Amino acid sequence: MMVITLLLATELAAALQVVPSSEQKRVQFDKVVQSTYGRYPVTISRGKGCVLYDDDADKAYLDFVAGIATCCLGHGDQRLVDAVSNQMRRVHHVSNLYYIPEQGELAEWLVKRTRGASRVFFCNSGGEANEAALKLALKHATLERKIEAPVVLTALGSFHGRTIATISATAQPKYHGPNGCWKIDLFDHFAYNDVADATAAFERHKGKVAAVLVEPVQGEGGVKPGTPDFFAALRRLCDDEGALLMLDEVQAGVGRTGKMWGHDHVLSGDYTADVVTCAKALGGGVPLGAMLCSPKCDVFQPGDHATTYGGNPLACSAGLAVAKAIDDDGLIDNTRDRGDQLLTGLRKIMDAKPHLVADVRGRGLLVGMELHTPSASDLVALCATNGLLLVPAGPAVVRFVPPLVATSLEVDAALSIVEDALGALEASRNSTEQSL
Ligand SMILES: Cc1ncc(COP(=O)(O)O)c(C=O)c1O
């Protein structure tokens, strides 16, 4: 009798337990999590395909952020779920002290799809992949070219990560900390897509340029696609100097631009990169990064570089699931087609509202819409209220980086929300002007 009473009491307590609201969860979060992000008031509880849900608030969002160009298979993809759960049951982490067959398999897949590359170093993120590339370039310059004070050239408006070295590579002062306190003195910069300026930077540092690190499409810097002329010129400048051409494919790589690599749009024929870095889409949302190099600069020896987690069986099983989707399911073709649809739709909107939209550009499903005013955050907030998640790329550019599995219907739905949100932005501006 006593046991039954106790059981009933427990069930009653569970039934009466108050589930915290999304708002309460946000208050608790802000108390204990550092304020490194300006966050939108959106709390996600689950996802399926291109849709994210806030169950507490009973809201659904079309996700055109995809964890910032990362969840290439969307959310809850069965191939990814099966690959990761099966791997978890077998073995999920050992150490790079031992051979990890999944890592070898994924490296082979990457090398086969990357002209010029021969071997891979695995890590956990884009910043770490670039950090590895920088260490490789400095060792190459010091040992092979006997340079005493090497310099690495990067582009203005670039973004390469948040470690001290990659922040310094990132040529945007807003990332460099108060009085530039997070910046180290290793880099100089040139204007993106500007052959004359890049040539001048090589001239300034003649005999000392270890490498160029550059994005094939500048993502965070406002979705700016590189031009073939510029990349061909960079290749020639690097060859004349003996420097490495290192391409940061963290955002643009692994299918996002409608080709395997963003640089497949801008480097052709015999022109290849010496180093390619990637992350984001490679693990489909499971942390995984990679740095690929050509035989010419394959200079790392045991002890030079390492990471505890990099390329562990769990992460590589996710990478292999992404690889399979790319090979077997036409993921890249879909990206190209949906990208064309998105660009065409946004250009129509720009034609209808040229006073609001200044430009629409991008490759595949890495697309930016530039506004005439620095109101990208306002537009992103309006879209979120109407059920579409987007992310700014600078003050005036709204970025569209949905999962690569996005459907035609989902792209149309996103376009319609953007059109409405632009209308609302215009209306609120008009009413502000009238009240002044
Ligand atoms: C081009 C590029 N490089 C590097 C990074 C840094 O990657 P992570 O945040 O995984 O360190 C990013 C992140 O947005 C990126 O877009």
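Whatever order the structure lists ligands and atoms in, that order sets their numbers, starting from 1. No experiment lies behind these values; they were computed from the predicted model shown.
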Ligand 1 versus [X], non-hydrogen atoms closer than 4.0 Å: side chain, backbone, both, neither?
X	result
E215	side chain
E128	neither
R162	neither
N130	side chain
S125	both

Side-chain donor-acceptor pair present, [X], [Y], cut-off under 3.5 Å:
X	Y	answer
Y271	R236	yes
T307	N124	yes
D54	S22	yes
T257	H265	yes

>> Any non-hydrogen side-chain atom of L331 less than 4.5 Å from a side-chain atom of L73?
In response: yes
> Is any side-chain heavy atom of L314 less than 4.5 Å from a side-chain heavy atom of N312?
Replying inline: yes
> Given the side-chain rings of F121 and H305, with only the six-membered ring counted for Trp, is the space between their centroids under 6.0 Å?
Replying inline: yes
Closest non-hydrogen protein atom to [atom], residue and atom name please, with distance?
atom	result
atom 11 (O) of ligand 1	G127 N, 2.7 Å
atom 16 (O) of ligand 1	Q251 NE2, 2.7 Å
atom 3 (N) of ligand 1	D248 OD2, 2.7 Å
atom 10 (O) of ligand 1	G126 N, 2.8 Å

> Can you name the one residue among D248, V214, L134, V250 that meets side-chain contact (heavy atoms from CB on, under 4.5 Å) with H160?
Replying inline: D248
> Atoms of ligand 1 less than 4.0 Å from K280 heavy atoms?
Replying inline: 13 (C), 14 (O), 16 (O)
> What atoms in ligand 1 come closer than 4.0 Å to a heavy atom of V250?
Replying inline: 2 (C), 3 (N), 4 (C), 5 (C), 7 (O), 12 (C), 15 (C)
>> Does the residue E249 have a heavy-atom contact with ligand 1, meaning some pair of atoms that are separated by less than 4.0 Å?
In response: no
